Engineer: 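Before we start, here is the structure in question, set down as C-alpha cells.
In this text the structure is predicted, and so the values were computed from the model without any measurement. Below, chains carry the letters A, B, ... as their sequence lines are ordered, and counting in each starts from 1.
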Number of protein chains: 2
Amino acid sequence: MLHEEVVGRIRDILLDGEIPPGARIPERELCERLEISRTPLREALKVLAAEGLVQLLPHRGSRAAKLTDKDMRDLFEVCQGLEALAGELACERISDAGIADIAAAHAAMVQHYREGDLIQYYRGNRAIHEGIVNAAGNPALSALYASVTARIRRARYVTPMTPQRWALAVKEHEAILNALERRDGAGLSHILRAHLRHKREEVLQAGFAETETSELTLKIA
Amino acid sequence: MLHEEVVGRIRDILLDGEIPPGARIPERELCERLEISRTPLREALKVLAAEGLVQLLPHRGSRAAKLTDKDMRDLFEVCQGLEALAGELACERISDAGIADIAAAHAAMVQHYREGDLIQYYRGNRAIHEGIVNAAGNPALSALYASVTARIRRARYVTPMTPQRWALAVKEHEAILNALERRDGAGLSHILRAHLRHKREEVLQAGFAETETSELTLKIA
DNA sequence: GCCCTCAAATTTGAATGCAAAATAGCGACA
DNA sequence: TGTCGCTATTTTGCATTCAAATTTGAGGGC
C-alpha cells in the first residue's frame, strides 16, 4: 500500500463527508478498514493536516477540520485569486484544441442543466473550472487550486440551488467560455471573480444550515 | 519534541541551503542530529513533500526538491497572483495603523538600501511583502503565500543584484506604499504584478548559476 | 579489459511495542 | 444529590524491530 494512496483514500473519506467536520478521526478503526498499521495512517494524517483538511490536537487526537464561515470566506477569496490568475494565463497559452475541450465540457454541463441533473451539473462545472486552471499550464497553480477547492468542496455541495441562481451560473459560464474563446484574459479574470463571488454568497448563506447538520451528524455518530 | 518543531527545523535546514537542492536527505544523520527516531522524521518529510520542499522517491529515499526554471517561473506566477489578490484585499481592510507599520518597514528598508546592506534590505523587503499579504486579513492566503515564497526563497537570495535593479526595486516599493496609502486596490495589484515580474526576470537570469553551484555542492557533499 | 550476473549489505517502508498523556469511571465527601 | 478527586483504561507519540527493495561489490564470462 503506497503512502500516497493512503492520503488519497482518507482525503476521499473526508471529502465524502463520511467523517463530518469537527468529528474525531478514529485511528484504530481506520487502520482496520484500510488494513494498515498506525504508522502510515499517522503519516497521512500529518500530510492532510498540512493541507488543512485535518486538525491535529497534541495528545488529543486528530479531527476532521471544521471550517468557520470566516475560513470559508477566506478560501473563496483565495480561490477567486487563483482562478483569476489562471484565466489570464490560460488565455495566453491555451490551444484551440484546449478551448474545444472546454467548450465540449461546457456543452455537456448545459445539457445536464437542461435535464435538471444537479449532481452531474456540479461535476461538469468543476471540470470546466479545473480545465481552465490546468490550461494555465502551471502545475504549481493547479496543485494549489486543487488543495483550496478540496477544502471548499463539501460546503459547496450543500448549497441550496435555486432556479434563479442556477440560471445565472449557467449564463456566467457562457460568458466565461466566450471570453476564453476570444482569449480575453482581463475579461475572463473579471468574470471569474464575479462568478465566484456569487458562488460564495450562496455558500455563506448556506453556512448556518451546514454547521447545524454537521453538529447533528456529529451527535448521531 | 513536538512534531511541528521537527517540520520547522528541517524546513529551516532546507531553506538555509544546508542540504542543497537535489541532494539526498540523510535520514540517519538527521535523526542523530535532531535526537529523534526515524518515525517523527519521516512524518516531517512527508509533510515537507506535500509542501513541495522535498521529493519522495519510492524505495529510493527523499531528496531536497530541485526546482527547474519552469518550476520557478510557475511559482513566481502564483506568487504574483497571490500578492495581487492580497494587495486588493489589503487596500479594503488595512487600518491606518497597519499602513503606518508598513510605511515604517518601508523606511527601514530604504535606510538599508542607502547603507548598501543587501541582506538587511532583503529582510526588510520580505517583511513588507509579508505585511501586505497579512494585511489582507486572510490567514488561508497568508499560509499559501508563505508556502510558495518558501520554495522560491533560496533562489531569490542568489540573485545578483545590480545597482540599477536595486534602484528600480526601491522605486517600485515607493509606488507600492503610495498605492496602499491611497487604498488604490486596482493600482496596487497592478504594481505588485509588475514588481514581481521584474524580480522573476532577475531570478531566471540567475537560474543557470544557481543550478551549477548546486551541482557543485552536491558533488562535494 | 569490460560487462553482466548474483549475493551481501545498506536503506527504506511498515508493524509492533512501550512510555506518557488524556479520558473515563468510580467512590468519597460536602 | 451533585461535585471533586483518585485510579484504571484508553489513546497518543515515539522508539524499536522486521521484512522488502535497492544499491554496492565481487566474481565469472565474453
Engineer: If you measure from CG on B:Leu48 to CD1 on B:Ile25, what distance do you get to the nearest 0.5 Å?
Structural biologist: 7.5 Å

Engineer: Kindly express the pairing pattern of DNA chain C in dot-bracket notation, using | wherever a base pairs with another strand and counting only Watson-Crick or G-U pairs under 3.5 Å.
Structural biologist: ||||||||||||||||||||||||||||||

Engineer: Nearest 0.5 Å please: distance from the CG atom of B:Asp74 over to the CG atom of A:Leu141.
Structural biologist: 8.5 Å

Engineer: Can you tell me how far the OG1 atom of A:Thr39 sits from the NE2 atom of A:His3, to the nearest 0.5 Å?
Structural biologist: 12.5 Å

Engineer: 5' to 3' on DNA chain C, which nucleotides open and close the contacts with chain B (atom under 4.0 Å from a heavy atom)?
Structural biologist: C:dT11 to C:dG13

Engineer: Evaluate the side-chain proximity of A:Glu88 to A:Leu188: yes if any heavy-atom separation is below 4.5 Å, no if none is.
Structural biologist: no

Engineer: Just by distance, do the side chain of B:Arg151 and the backbone of B:Glu51 share a donor-acceptor pair under 3.5 Å?
Structural biologist: yes

Engineer: Hey, are B:Arg126 and B:Glu130 close enough for a salt bridge, meaning a charged N less than 4.0 Å from a carboxylate O?
Structural biologist: yes

Engineer: Please produce a list of atom pairs where a protein N or O lies less than 3.5 Å from an N or O of nucleotides 11-14 of chain D.
Structural biologist:
{"unit_1": "D:dT11", "atom_1": "O3'", "unit_2": "A:Arg24", "atom_2": "NH2", "d": "3.3"}
{"unit_1": "D:dT12", "atom_1": "OP1", "unit_2": "A:Arg24", "atom_2": "NH2", "d": "3.0"}
{"unit_1": "D:dG13", "atom_1": "OP1", "unit_2": "A:His59", "atom_2": "N", "d": "3.1"}
{"unit_1": "D:dG13", "atom_1": "OP2", "unit_2": "A:Arg42", "atom_2": "NH1", "d": "2.8"}
{"unit_1": "D:dG13", "atom_1": "N7", "unit_2": "A:Arg38", "atom_2": "NH2", "d": "2.9"}
{"unit_1": "D:dG13", "atom_1": "O6", "unit_2": "A:Arg38", "atom_2": "NH1", "d": "3.4"}
{"unit_1": "D:dC14", "atom_1": "OP1", "unit_2": "B:Met1", "atom_2": "O", "d": "2.7"}

Engineer: For side chain to side chain contact (heavy atoms under 4.5 Å, CB included), just list the numbers for B:Leu82 and B:Val133, CA-CA rounded to whole Å, side-chain angles, deciding distance to a tenth of an Å, and then say yes or no.
Structural biologist: CA-CA 8 Å; B:Leu82 294 178; B:Val133 170; over 6 Å; no

Engineer: Should A:Leu34 and A:Ile10 be marked as a side chain to side chain contact (heavy atoms under 4.5 Å, CB included) after you check the CA-CA gap, both sets of side-chain angles, and the distance that decides it?
Structural biologist: CA-CA 9 Å; A:Leu34 301 182; A:Ile10 300 175; 4.1 Å; yes

Engineer: With a 3.5 Å distance limit and no angle check, can you tell me whether A:Asp71 reaches the backbone of A:Thr68 through a side-chain donor-acceptor pair?
Structural biologist: yes

Engineer: Test A:Ile152 against A:Met72 for side chain to side chain contact (heavy atoms under 4.5 Å, CB included), laying out the working first.
Structural biologist: CA-CA 7 Å; A:Ile152 295 176; A:Met72 287 295 301; 4.0 Å; yes

